[in-house]
Protein chains: 2
Amino acid sequence: MKQSTPIPVRERARRAMRAELAMLAQDLFAAKGYEQTTIDDLVAAAGISRRTFFRYFTSKEDLVLGKYDAWSQMLVEGLAARPADEPVWESLRRAFDVVVEYFEDVTLAERSLAMEQVIHDNPALSAGELERISRVQGELAELVGARTGRQAATDPRPTVIAGAALACVVAAKDVWITTDRGRPFGTLLDEAMGALKPV
Amino acid sequence: MKQSTPIPVRERARRAMRAELAMLAQDLFAAKGYEQTTIDDLVAAAGISRRTFFRYFTSKEDLVLGKYDAWSQMLVEGLAARPADEPVWESLRRAFDVVVEYFEDVTLAERSLAMEQVIHDNPALSAGELERISRVQGELAELVGARTGRQAATDPRPTVIAGAALACVVAAKDVWITTDRGRPFGTLLDEAMGALKPV
DNA sequence: GCATAGTTGGCACTCAGTGCCACATATGGC
DNA sequence: GCCATATGTGGCACTGAGTGCCAACTATGC
């Protein structure tokens, strides 16, 4: 049964270390604030050296926004997996289901909400988040373009569709984190995406 | 005829200094690259002290992205000036005319194009640009919400409309700066905005 | 048990950005 | 013109993020 692990030991250790550091850092950020927490604080709490920290994370920002690399991949795979004859807007909405699940996951809710607040309150982090989202946008635009036979490199329309869809996610998320979360994230996203239609 | 100047002397000197520094910096960035140009390089070329530089610009980034403060204001005013019974999407397109003019201005073309390339090639600058755009988005969303009787704070839809419109501007700009500029920016923007319709 | 590849920590460095203070310059009232 | 005051400037020392380099350590394969 146990399929031979394709992930070497060192890589697994590395990932575990990353996860542990991110967790610890996020607790510190939630407690004292992002800017008030220095890398020195973090490495002291983690019992590693500053130099080693920067071998696991390329930047302080990466501690908070690292998850976007995984998201990006999931979103792209999610969209690619949708049937080609489905309306694009619907396909995008379905691809976003992984994000919806993430925000509605009770076990992660507290931590992820706290981090979204941290991002929301910090311009530098917001900027980084948006930049990462724009990378996802580029990848989604490629897929949208492939479906509609339009080159995203020369035709702005696939990029616009992808960008508008992601704007819906961001807008829904903003309402979600700044209000009382009375309405589920999925509902907010449906409402957001219902406000637009590709021509 | 000469209406008494509402701008005090000091403020005018300050603006002139800012403009001169930004020009000089942009020339350096275009020549050696953004990251390769240090603040020390700049202040040496400008003949001022490092400390004084930071009284005119809050950050290195500000040298490139400072124009967004002015843009933001123009866009908001432009949208507010549109008739209330005009379709929102059309009003937004018209508000963007100032941006179109900016990019099609021959005298500024070379410099502005070079700076857009610099931004495009630098993740940190792209991030900053997107963050500033998202601020504009917030302001435009307020106006859109006011028109449609929806609170942007609790309803994602006004934000989605504003975000989608700005996504069109960004998408059109990206095509414009990365291709041969064979088609005018205004045309690209029309095409981009034509790919979406608010429901 | 040994060679070696990969991991870690320490150190010194660069660069952006800030607080503080002393000095210079402009402005307004007399 | 003279002085008090507001504002602008420069220097200095400091913090904090991020990097290059090297020496010491540790795990892995034979």
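A note on names: the letters A, B, ... follow the listed sequences, proteins ahead of strands, and every chain is numbered from 1. Basis for what follows: all heavy atoms, side chains included, without hydrogens, waters or symmetry-related copies.
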Using OP1 and OP2 only, check whether a side-chain N or O of A/T52 sits under 4.0 Å from C/dT8. no

Of the listed nucleotides ([options]), which one gets closest to any side-chain atom of [X]?
X     : options               : result
B/R51 : C/dC20, D/dT9, D/dC21 : C/dC20
B/R55 : C/dG9, D/dG18, C/dC21 : C/dC21
B/T38 : D/dA17, D/dT9, C/dC15 : C/dC15
A/R50 : D/dA17, D/dT9, C/dG9  : D/dA17

Separation of [N] [atom2] from [X] [atom1] (nearest whole Å):
X     : N      : atom1 : atom2 : result
A/D40 : D/dA17 : CG    : C1'   : 10 Å
A/F54 : C/dT7  : CZ    : P     : 18 Å
B/E11 : C/dT27 : CD    : P     : 14 Å
A/F53 : C/dG10 : CZ    : C1'   : 17 Å
A/M17 : C/dG6  : CE    : C1'   : 14 Å
B/D41 : C/dA16 : CG    : P     : 8 Å
B/K60 : D/dG18 : NZ    : C1'   : 14 Å
A/I48 : D/dT26 : CD1   : P     : 17 Å

Quick check: do B/L65 and B/E131 have side-chain heavy atoms less than 4.5 Å from each other? no

Touch class at under 4.0 angstrom, heavy-atom based, for A/Y56 against every strand present: sugar-phosphate

Just checking A/F57: base, sugar-phosphate only, or nothing, at a heavy-atom cut-off of under 4.0 Å? nothing

Salt-bridge test for [X] and [Y]: reply yes if a basic N is under 4.0 Å from a carboxylate O, no otherwise.
X      : Y      : answer
A/R135 : A/E139 : no
A/E191 : A/R183 : yes
B/R18  : B/D62  : yes

For A/F185 and A/W176, take the angle between the two ring planes, folded into 0 to 90°, and tell me which bin it lands in: parallel under 30, tilted 30 to 60, perpendicular over 60. perpendicular

